[in-house]
Amino acid sequence: MATRLRRPGWRDPRLLVGLVLVAASVALGAWAVGAAGRTVPVYAAVGSLVPGEVLDADSVEVREVRLGAAGPAYLSADEPLPDGLVVQRTVAAGELVPRSALSAVDELAVRPVAVAVPGVLPEGLVAGSAVDLWFVPEDATAVPAGAGSSEGAAPTPPRGPYELAAGLTVAEVAKPEGAFAVGGTTTVHVLVPVDRLTEVLAATAAEGDVQVVVVPGLAAS
């Protein structure tokens, strides 16, 4: 005798399980769409932030953005700005502030060094620019201080301009004002890694010039 198939009734467990799964799938999809479209408040840089700059209410603004899973990587504006944070890499104007770009003051590994730039500034030299520092001896054939030869060793060859440090960040450009504005000397504050301070500071006091060379099209990081 052939077995007759019965249509499942509302009390059939398989039908109830199927309905539960469909409902759960619809609810999960609605939640995912809602979460993807939800905005959160985060801090963004008002202007260019450079290493060593203290983060305060004047340097940031609040933006409502969709970040999804990337939210924890940025500084949330749900709470007031933490005290004692400084920028440790350049954050461009309008960029969301990444937590990885901030550190405590005592963790900052650079120090500002003032370099005098007489006359016309190189094009593109502004706060946040990436620059190289070069030393040009007063006598291009002079041997740098401390480079003397020991007894019996070959004489040290003459030395011309040489690079002190590369890929540094300009923290500030202080231009002369008033009667000294025309043809005056601009002071460029360059952030130098702690392990290069000795050589850079020695060069600023030596007989010669420290030249600030802009790296075109590159913001320091």
Requested in this report: Return yes when atom CG of D83 has more than 12 non-hydrogen atoms of other residues, nucleotides or ligands closer than 6.0 Å, and no otherwise.
Outcome: no
Report summary line: Here the pair of heavy atoms bringing A104 nearest to V86 is O-CG2, 3.9 Å
Query raised in the report: If two hydrophobic side chains count as joined below 4.5 Å and joins carry through other members, does L55 share a cluster with V91?
Result: yes
Requested in this report: Looking only at non-hydrogen atoms, find the nearest pair between P98 and L102 and report the distance.
Outcome: O-CG, 3.8 Å
Requested in this report: Is it possible for you to say whether L75 and V62 belong to one hydrophobic cluster, with membership spreading through side-chain heavy-atom contacts below 4.5 Å?
Outcome: yes
Query raised in the report: Would you call L133 and V212 a side-chain contact if the rule is heavy atoms closer than 4.5 Å?
Result: yes
Requested in this report: Grab the two heavy atoms, one from S48 and one from A127, that are nearest each other, plus how far apart they are.
Outcome: OG-O, 4.3 Å
**Report entry** Interatomic distance, T169 atom OG1 to H189 atom NE2 [nearest 0.5 angstrom]
**Finding:** 14.5 Å
Query raised in the report: Should V120 and V117 be regarded as members of a common hydrophobic cluster, given that ILVMFWY residues are connected when their side-chain heavy atoms come within less than 4.5 Å of each other, either directly or indirectly?
Result: no
Query - Flag side-chain contact, heavy atom, 4.5 Å: V115 against T187 - result: no
**Report entry** Any side-chain heavy-atom pair of V215 and D132 under 4.5 Å
**Finding:** yes
Report summary line: Between A45 and A92, the two heavy atoms sitting closest are CB-O, 3.6 Å
Query raised in the report: Counting N and O atoms only, with roles assigned by atom type, does the side chain of S129 sit under 3.5 Å from a partner on the main chain of G124, one being a donor and the other an acceptor?
Result: yes
Query raised in the report: Side-chain contact, heavy-atom cut-off 4.5 Å: K175 with L121?
Result: yes
Query raised in the report: Just by distance, do the side chain of R63 and the backbone of P41 share a donor-acceptor pair under 3.5 Å?
Result: no
Report task. Look up atom CD in E53 and atom CD in Q88, then write down how far apart they are to the nearest 0.5 Å. Result -> 14.0 Å
Query raised in the report: Can you get from V170 to V50 by hopping between Ile, Leu, Val, Met, Phe, Trp and Tyr side chains that sit under 4.5 Å apart?
Result: no
Requested in this report: Find out whether V190 and V131 are in side-chain contact, i.e. whether some heavy atom of one side chain is under 4.5 Å from a heavy atom of the other.
Outcome: yes
Query - Side-chain donor or acceptor of R99 paired with backbone N/O of Y74 under 3.5 Å - result: yes
Query - Criterion side chain to side chain contact (heavy atoms under 4.5 Å, CB included) on D58 and V46, from CA distance to verdict - result: CA-CA 8 Å; D58 293 330; V46 174; over 6 Å; no
Requested in this report: Kindly determine whether S59 and L49 satisfy side chain to side chain contact (heavy atoms under 4.5 Å, CB included), including the steps that lead there.
Outcome: CA-CA 8 Å; S59 60; L49 303 177; 3.8 Å; yes
Requested in this report: Say whether L108 and L201 are linked into one hydrophobic cluster, either directly or through other cluster members, by side-chain heavy-atom distances under 4.5 angstrom.
Outcome: no
Query raised in the report: Would one find more than 12 heavy atoms of other residues, nucleotides or ligands at under 6.0 Å from atom CD of E207?
Result: no
Query raised in the report: So do the side chains of L168 and L191 get within less than 4.5 Å of each other, counting heavy atoms only?
Result: no
**Report entry** Donor-acceptor pair, side chain of D209 and main chain of Q211, under 3.5 angstrom
**Finding:** no
**Report entry** Closest non-hydrogen atom pair between T90 and P51, with its separation
**Finding:** OG1-CD, 3.7 Å
Query raised in the report: Residues two or more places apart in sequence or in another chain: which of them pass ring pair (Phe, Tyr, Trp, His ring centres under 6.0 Å) with F135?
Result: Y162
Query raised in the report: Out of curiosity, T204 OG1 to L164 CG, how far, rounded to the nearest 0.5 Å?
Result: 9.5 Å
Report task. Taking all non-hydrogen atoms of both residues into account, name the closest pair between A57 and L81 and its distance. Result -> N-CD1, 3.7 Å
